[in-house]
Amino acid sequence: MPRILLAILAGIGLALSGAAMQSITRNYLVSPFTLGISSAAALGASVCIVFGQGFFFRSELGIISSAFMA
């Protein structure tokens with residue numbers, strides 16, 4: 001049951017973020033690459049991996065949080 005509820009919440013979050021990006025750009029085929037979100041997340045993860053900068057220093061949670069915060 002918890003997995004099902006988490007999957008539903010994740011789907012709702014993805015749908016809302018997709019709708020927001022479509023309405024901001026007025027483009028129905030918008031993707032994270034269009035706005036540079038993917039590149040920023042890759043930069044944040046790379047900085048955490050290479051330099052060890054982040055919240056939890058070279059742990060999986062640190063890499064994920066650095067990618068999210070970038």
The side-chain contact (heavy atoms from CB on, under 4.5 Å) partners of Phe33 (sequence neighbours excluded) come to Ser31, Ser38
Atom of Cys48, atom of Ser66 and distance for their closest heavy-atom approach:
CB-OG, 3.6 Å
Taking Thr34 for its side chain and Val30 for its backbone only, find out whether a donor-acceptor pair lies under 3.5 Å.
no
Atom pairs and distances, donor-acceptor, side-chain atoms in residues 5-19, under 3.5 Å, two or more places apart:
unit_1: Ser17; atom_1: OG; unit_2: Gly13; atom_2: O; d: 3.3
unit_1: Ser17; atom_1: OG; unit_2: Leu14; atom_2: O; d: 3.0

Closest non-hydrogen atom pair between Ile63 and Ala45, with its separation:
CG2-CB, 3.9 Å
Leu43-Ile37 co-clustered via ILVMFWY side chain contacts under 4.5 Å
no
Note: Ala20 and Ser23 closest approach over all heavy atoms is O-OG, 2.9 Å
Donor-acceptor pair, Gln22 side chain versus Asn27 backbone, under 3.5 Å?
no
